Protein chains: 2
Amino acid sequence: MKQHRNTRQRRLILEAVCARSDHPTADQIYLDVRAVDKMISRGTVYRNLNILTHQGTLSHVKLPYTDRFECNTRPHYHLHCTECDAVSDVTVSYQSELDKKVEDHTGYRIERHRTIFEGICPECQKKKD
Amino acid sequence: MKQHRNTRQRRLILEAVCARSDHPTADQIYLDVRAVDKMISRGTVYRNLNILTHQGTLSHVKLPYTDRFECNTRPHYHLHCTECDAVSDVTVSYQSELDKKVEDHTGYRIERHRTIFEGICPECQKKKD
DNA sequence: ATGGGTGCAAAGTGTTTGCAAGTAT
DNA sequence: ATACTTGCAAACACTTTGCACCCAT
């Protein structure tokens, strides 16, 4: 296994993700870090987000087109506004018994499940009237 | 609203999706249709998959990198092998009460939720030994 | 006839990667 | 000293789009 180093860039990227609670995209993180370090490159941001996610330091929400990242690594569900693309955590608790159930039914070794609620946030509902 | 026509290409694309149960990607569908119609283009396949999905004639599974399509339009959950990328339907039944619950908690108007189980299929488990 | 649809190729997105130079350990 | 990282730019994979011609209605 590779030995990962504690580089300034990696630190800045991690801080940038944890500084927000809106599940930013890689590009938003790139822009945030760039405000501090003019030289950072997109490649570095993508590489480090992948490393940090693999390590389990960050987690990511798989959305169509772009993944979103967050500091909260406990298993939980997400809420996605299909109008404005806002993403937030949801209080409904993770149902680990479902993983067991599917494992027994299918013979898969289940690692986890991901649940994303799709809907329209209060602000966007207002705008549509 | 646009008036959609019943073109030969659209018919072939729909048939191609329904002929498989493995949740093919747009490109797999393109290849299948091409076996019948040498002239079909990728653009037409993408355009029609979007139209058919919007109409509710097909549904799609949102996976990172590529969407997958299927004929089954009833709400249901999916199973994704993270080794070989196989996708299948899962028997666990759709929990519509969760949508209600999240709606009450958050003020969102919830349309649906999507759940994808991630794990390793029996075949890939064998290969890893 | 008329407006949606098609094939084609080019343009878009978001992400990864090869390379030479730089740096944490 | 070693080998992981970086910035850069090019390459990638998937999808959308502008256009001129075509065809279902």
Side-chain angles (χ1 to χ4, degrees), chain A residues 1-17 22-55 57-70 80 82 84-85 87, chain B residues 1-17 22-55 57-70 80 82 84-85 87:
Chain A
M1 178 98 167
K2 254 192 181 178
Q3 213 45 247
H4 287 301
R5 294 178 183 173
N6 182 21
T7 62
R8 188 176 44 80
Q9 289 87 338
R10 183 119 75 219
R11 234 175 301 125
L12 290 174
I13 289 163
L14 180 55
E15 281 167 20
V17 177
D22 63 344
H23 304 74
T25 64
D27 202 62
Q28 288 172 324
I29 296 159
Y30 164 71
L31 293 172
D32 283 1
V33 174
R34 249 191 60 134
V36 178
D37 175 354
K38 288 274 170 292
M39 288 303 287
I40 193 109
S41 73
R42 278 198 172 73
T44 297
V45 172
Y46 278 100
R47 265 187 297 240
N48 279 300
L49 287 173
N50 286 342
I51 290 170
L52 291 165
T53 302
H54 250 95
Q55 288 182 341
T57 310
L58 291 180
S59 68
H60 64 305
V61 190
K62 296 178 180 182
L63 286 194
Y65 307 120
T66 332
D67 280 4
R68 314 276 289 247
F69 297 84
E70 68 176 329
H80 175 212
T82 51
C84 68
D85 276 332
V87 174
Chain B
M1 177 97 170
K2 252 192 184 179
Q3 214 44 247
H4 287 302
R5 294 178 184 175
N6 181 23
T7 63
R8 187 176 46 80
Q9 289 88 337
R10 186 161 305 152
R11 236 177 297 127
L12 289 174
I13 289 164
L14 180 56
E15 281 168 19
V17 177
D22 63 345
H23 304 73
T25 64
D27 203 62
Q28 288 172 324
I29 296 160
Y30 164 71
L31 293 172
D32 283 1
V33 174
R34 250 191 60 136
V36 178
D37 175 354
K38 288 273 168 294
M39 288 303 287
I40 193 111
S41 74
R42 277 197 173 73
T44 297
V45 171
Y46 279 99
R47 265 186 298 238
N48 278 302
L49 287 174
N50 286 341
I51 291 171
L52 291 165
T53 302
H54 250 95
Q55 288 183 339
T57 311
L58 291 180
S59 69
H60 65 306
V61 189
K62 296 178 179 182
L63 286 196
Y65 305 121
T66 332
D67 281 3
R68 314 274 292 244
F69 296 84
E70 67 177 331
H80 175 212
T82 51
C84 69
D85 277 332
V87 174

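Within every chain, numbering begins at 1; the chains are lettered A, B, ... in the order of the sequence lines, protein sequences first and strands thereafter. Note that the structure is a prediction, hence the values are computed from the model and not measured.
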Could you pull out the protein-nucleic contacts involving nucleotides 11-14 of chain D (nitrogen or oxygen on both sides, under 3.5 Å)?
residue	atom	partner	partner atom	Å
D:dC14	O3'	B:Tyr65	O	3.4

Would you mind writing out the side-chain donor-acceptor pairs for residues 57-65 of chain B within the sub-3.5 Å range, not counting sequence neighbours?
residue	atom	partner	partner atom	Å
B:Thr57	OG1	B:Gln55	OE1	2.9
B:Ser59	OG	B:Asn72	O	2.9
B:Lys62	NZ	A:Glu118	OE2	3.2

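Each of B:Asn6 and B:Arg42 was assigned the nucleotide of DNA chain D with the nearest heavy atom; the assignment lying further toward the 5' end belongs to B:Arg42.
Helix bend of the helix from C:dA1-D:dT25 to C:dT25-D:dA1: the angle between its two end axes, each built from five pairs, comes to 40° after rounding to 10°.
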Original post:
Can you check side-chain contact (heavy atoms from CB on, under 4.5 Å) on A:Asp32 and A:Ile29, steps first, answer last?
Top reply: CA-CA 5 Å; A:Asp32 283 1; A:Ile29 296 159; 5.6 Å; no

**OP:** Give the intermediate values and the outcome of side-chain contact (heavy atoms from CB on, under 4.5 Å) for residues B:Leu14 and B:Leu52.
**Re:** CA-CA 8 Å; B:Leu14 180 56; B:Leu52 291 165; 4.2 Å; yes

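Atoms CD1 (A:Ile29) and C1' (C:dT15) sit 14 Å apart, rounded to a whole Å. The CG-C1' distance, from B:Leu12 to D:dA24, rounds to 15 Å in whole Å. Taking atom CZ of residue A:Arg34 and atom P of nucleotide D:dT6, one finds them 17 Å apart after rounding to whole Å. Atom-to-atom, CZ of B:Arg68 to P of D:dT15 comes out at 11 Å; the value is rounded to the nearest Å. Note: OH (A:Tyr30) to P (C:dT15) measures 14 Å, nearest angstrom.
Within the 4.5 Å cutoff, the side chain of B:Glu15 has no heavy atoms near those of the B:Val36 side chain. The side-chain heavy atoms of B:Gln28 and B:Thr25, taken from C-beta on, include a pair separated by under 4.5 Å. Residues A:Asp85 and A:Arg68 form a side-chain contact, since some pair of their non-hydrogen atoms from C-beta on lies under 4.5 Å apart.
Judged as a ring-ring contact (aromatic ring centres under 6.0 Å, His included), and not counting sequence neighbours, B:His80 has no contacts. Every residue two or more places apart in sequence or in another chain that forms a side chain to side chain donor-acceptor pair (under 3.5 Å) with B:Ser41 is listed here: B:Thr44.
Note: A:Asn48 CG to A:Thr7 OG1 = 5.5 Å, rounded to the nearest 0.5 Å.
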Subject >> Contact state string [nucleotides 1-12 of chain C, B base, S sugar-phosphate only, - no protein heavy atom under 4.0 Å] >> reply: --BBSBBB----

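Shortest non-hydrogen contact noted between A:Val33 and A:Ala16 is CG2-CB, 3.7 Å.
Using a distance-only test at 3.5 Å, with no hydrogens or angles considered, a donor-acceptor pair links the side chain of A:Arg10 to the main chain of A:Arg5.
For C:dT15, neither phosphate oxygen OP1 nor OP2 lies less than 4.0 angstrom from any side-chain nitrogen or oxygen of A:Asn50.
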